[in-house]
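Below is one structure, written out as structure tokens; comments come after it.
Side-chain atoms are counted along with the backbone in the values below, which use heavy atoms only and exclude waters and symmetry mates.
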Amino acid sequence: MSKKPNILLILNDDMGYSDIGCYGGEVQTPNLDRLAANGLRFSQFYNTARCSPSRASLLTGLHPHQTGIGVLTYSFGPEGYAGDLNDRCVTIPEALKAGGYRNYMSGKWHVAANLTEPTASWPLQRGFDEFFGTIIGAGSFYDPNTLTRGNENVEHEARREGFFYTDAISDQAAANIRKHAEQHGGQPFFHYVAYTAPHWPLHAHEEDIAKYRGRFDAGWDALREARLERLVASGILDKAWALTGRDPSQPAWPEAEHKDWLLRCMEVYAAQIDRMDQGIGRILQALEQTGQLDDTLVIFMSDNGACAEDIPEGVPVDELVNNLMIARSHTRAGAEVRFGNQPDIMPGPEDTYQSYGTAWANLSNTPFRLYKHWIHEGGIATPLIFHWPSGIAEKGGVRHTPGYLPDIMATILDISATDYPGERAGNPVPPLEGVTLAPAFRADLAERAPMFWEHEGNAAVRIGKWKLVRRYPEAWELYDMAQDRTETRDLAAQHPERVAEMRARYEEWAERCGVIPREKILELMRQQPAAFWEEEEL
């Protein structure tokens, strides 16, 4: 190939494994489904269980602790936990710039500690030529905090009529693609599109919500069973893998109270994904109209599993608005925002701030258990789509080759024939932790290097078909992923030697990458501004 391919990397926020149509879900995603039908879906790809760490790993090809984002974008003191992308890692755009690429970003950044003043960890200082989006990790879709263009705050842009953040991210990406074709047509581009949908708060347009009225009326139990059937029928999952049980904290659907409100929550959540897919369609249209689609590698994934957090009543508004900067106290028209998962408040409008809760998150992660923040499959399994007409011959294929976030940078550098630099600004950088997935574009790979995860004491190592995983502070569990991907049969007691060997491999990795014990993390977190998750959930 004489010309280096363009790369369009699309990441969405807090979406479960099986929500989109081409992964068995009920949400109408014709544009993502089209990419899957004309490209590849991966069945065993993993993120890093939480927003900031996943973004840091994705952008650098390293583990989060090596980049300074060991937990979130709050400083916890020790090396690797500063909450700020450090100067000892190289981002994808920084590497690609040396290879002749022009780099764009629209959407959520969330790897910088300073939310209001440009620093060395902001997008333009980390390799991007143009940036439009938010520095913070969550907020109103109608009036987001920290909206930035380049290095300048542009929150006033959200005051224009019809502004909606998901649309703004999509439209900026499409505009960038068109402008690039006009002004830099001889150069390849890298574009990172980082949606906040479907992260809470539940904000969506009525016309999008209306599409899903009645779609979830069967309830979470029946819908989980139907999703698994579709996943098996499509070749993504093995029929031998059992469906995990309903979350024990949640009732069976027939016994659930406030069904009208519960259904509305899931309908709004679906509408958030629907709106994102509409925007992806406009981005693909820009690629087609500029004659760039065939030569563009499009990658789509989610940053973690579905989020089971409930937003309680009585959250200190000052904490959310002024300290965490993830909410507005009033709408643009001056109405007071109503916070909390209260059944008498229907989500969707700008004056609400709610989440869809544990039971629907359990549906989103079908057939797996647990959620964002944990390292069991429900926390880290993500859909992954590759679409590249000029580079991937097979259409509609499924790959069962395991992979995780550090592999994305390795793959991009491989297909763009770009070297990984050994230093940044005079500082040596660690070697890439990932391996290229490009050989899997042709066929499944026989084996891969071990994979490791850690987030606030929750941890795992996967070697071949074996996964050793811990939900802190509980004991390590061992699963045979070839026979039991849904983690229903713990084999740790039957294989103590394997557990000891894999735990030793994990401890060696944790020491090398700067992981610190969970107890120390909790001690440091208690010194930070309160958030609305409970300490026992950390």
Side-chain angles (χ1 to χ4, degrees), residues 1 4-12 15-25 27 29-47 54 58 61 92 190-193 227 230-238 273 276-277 280-281 283-284 287-288 292-303 377 380-417 434-449 451 462 481-482 485:
M1 186 178 300
K4 293 186 176 185
N6 303 315
I7 298 149
L8 175 64
L9 176 58
I10 305 173
L11 182 73
N12 81 341
M15 188 188 77
Y17 182 80
S18 60
D19 280 320
I20 59 177
C22 55
Y23 275 79
V27 185
T29 52
N31 295 294
L32 288 172
D33 296 352
R34 170 192 166 194
L35 293 176
N38 292 283
L40 299 173
R41 286 168 293 171
F42 278 62
S43 68
Q44 296 190 81
F45 193 80
Y46 299 107
N47 49 48
S54 282
L58 175 66
I92 293 172
F190 169 70
H191 202 311
Y192 176 37
V193 182
R227 282 197 185 189
R230 290 192 291 270
L231 285 161
V232 170
S234 66
I236 294 174
L237 298 183
D238 191 316
I273 299 172
M276 175 197 70
D277 187 79
I280 291 172
I283 297 170
L284 296 178
L287 287 171
E288 289 177 304
Q292 299 179 92
L293 183 62
D294 285 355
D295 295 323
T296 300
L297 171 62
V298 182
I299 309 169
F300 172 83
M301 73 189 79
S302 180
D303 68 343
E377 297 290 285
I380 61 175
T382 172
L384 174 68
I385 301 171
F386 281 108
H387 178 276
W388 183 20
S390 294
I392 298 176
E394 186 175 351
K395 297 183 184 301
V398 175
R399 295 289 182 267
H400 302 294
T401 298
Y404 66 161
L405 289 179
D407 298 341
I408 296 298
M409 185 172 188
T411 303
I412 288 172
L413 296 185
D414 182 13
I415 65 107
S416 65
V435 297
T436 179
L437 296 174
F441 292 171
R442 295 181 291 276
D444 265 319
L445 306 181
E447 58 184 37
R448 68 148 297 133
M451 298 184 291
R462 179 166 173 178
M481 305 301 278
R485 172 88 190 279

I need the full list of salt bridge (charged side-chain N to carboxylate O under 4.0 Å, His left out) pairs touching residues 30-42, with sequence neighbours left out, sorted by first then second residue.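 Residue pairs with at least one partner in residues 30-42: Arg34-Glu288.
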List the atom of [X], the atom of [Y], and the distance in Å for their closest heavy-atom pair.
{"X": "Ser416", "Y": "Pro5", "result": "CA-CD, 4.4 Å"}
{"X": "Ala440", "Y": "Leu445", "result": "N-CD2, 3.8 Å"}
{"X": "Gly403", "Y": "Arg448", "result": "CA-NH1, 3.5 Å"}
{"X": "Pro402", "Y": "Met451", "result": "CB-CE, 3.7 Å"}

Could you please spell out the steps behind the side chain to side chain contact (heavy atoms under 4.5 Å, CB included) verdict for Leu58 and Leu11? CA-CA 10 Å; Leu58 175 66; Leu11 182 73; 4.0 Å; yes
Do the side chain of Asp303 and the main chain of Ser54 share a donor and acceptor less than 3.5 angstrom apart?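 Not a single qualifying donor-acceptor pair exists.
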Has Arg399 got a side-chain atom pairing as donor or acceptor with Phe441's backbone, closer than 3.5 angstrom?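 Yes, the answer is positive, given that a donor and an acceptor are paired below the 3.5 Å cut-off.
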After noting the C-alpha distance and the side-chain angles of Ile283 and Leu8, does the key distance pass the side chain to side chain contact (heavy atoms under 4.5 Å, CB included) rule? CA-CA 10 Å; Ile283 297 170; Leu8 175 64; 3.8 Å; yes
Rounded to the nearest 0.5 Å, how far apart are [atom1] of [X] and [atom2] of [Y]?
{"X": "Ile412", "Y": "Ile92", "atom1": "CD1", "atom2": "CD1", "answer": "4.0 Å"}
{"X": "Met301", "Y": "Met15", "atom1": "CE", "atom2": "CE", "answer": "11.0 Å"}
{"X": "Ile273", "Y": "Ser302", "atom1": "CD1", "atom2": "OG", "answer": "8.5 Å"}
{"X": "Leu35", "Y": "Ile385", "atom1": "CG", "atom2": "CD1", "answer": "6.0 Å"}
{"X": "Leu40", "Y": "Ile299", "atom1": "CG", "atom2": "CD1", "answer": "11.5 Å"}
{"X": "Asp414", "Y": "Leu437", "atom1": "CG", "atom2": "CG", "answer": "9.5 Å"}

Less than 4.5 Å apart, side chain to side chain, heavy atoms only: is that true for [X] and [Y]?
{"X": "Tyr404", "Y": "Asn47", "result": "no"}
{"X": "Gln44", "Y": "Leu384", "result": "no"}
{"X": "Asn6", "Y": "Leu297", "result": "no"}
{"X": "Thr382", "Y": "Tyr46", "result": "no"}
{"X": "Thr296", "Y": "Trp388", "result": "no"}
{"X": "Phe300", "Y": "Val298", "result": "no"}
{"X": "His387", "Y": "Leu293", "result": "yes"}
{"X": "His400", "Y": "Val398", "result": "yes"}

Let's go through Asp407 and Thr436 carefully: what are the C-alpha distance in whole Å and the side-chain angles of both, what is the deciding distance for side chain to side chain contact (heavy atoms under 4.5 Å, CB included) to 0.1 Å, and is it a yes or a no? CA-CA 6 Å; Asp407 298 341; Thr436 179; over 6 Å; no
Arg462: which residues meet the salt bridge (Lys or Arg N to Asp or Glu O under 4.0 Å) condition with it, sequence neighbours left out?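 Once residues adjacent in sequence are excluded, Arg462 has no partner under the salt bridge (Lys or Arg N to Asp or Glu O under 4.0 Å) criterion.
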Could you check, using the six-membered ring where one of them is a Trp, whether Tyr17 and Tyr23 have ring centers closer than 6.0 angstrom?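 Judged by ring-centre distance (under 6.0 Å), Tyr17 and Tyr23 do meet the cut-off.
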Passes salt bridge (charged side-chain N to carboxylate O under 4.0 Å, His left out), Asp295 versus Lys4? Steps please. CA-CA 8 Å; Asp295 295 323; Lys4 293 186 176 185; over 6 Å; no
Member of Thr29, Asn12, Ile20 meeting the side-chain contact (heavy atoms from CB on, under 4.5 Å) criterion with Asp277: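 For Asp277, the side-chain contact (heavy atoms from CB on, under 4.5 Å) test succeeds with only one of Thr29, Asn12, Ile20, which is Thr29.
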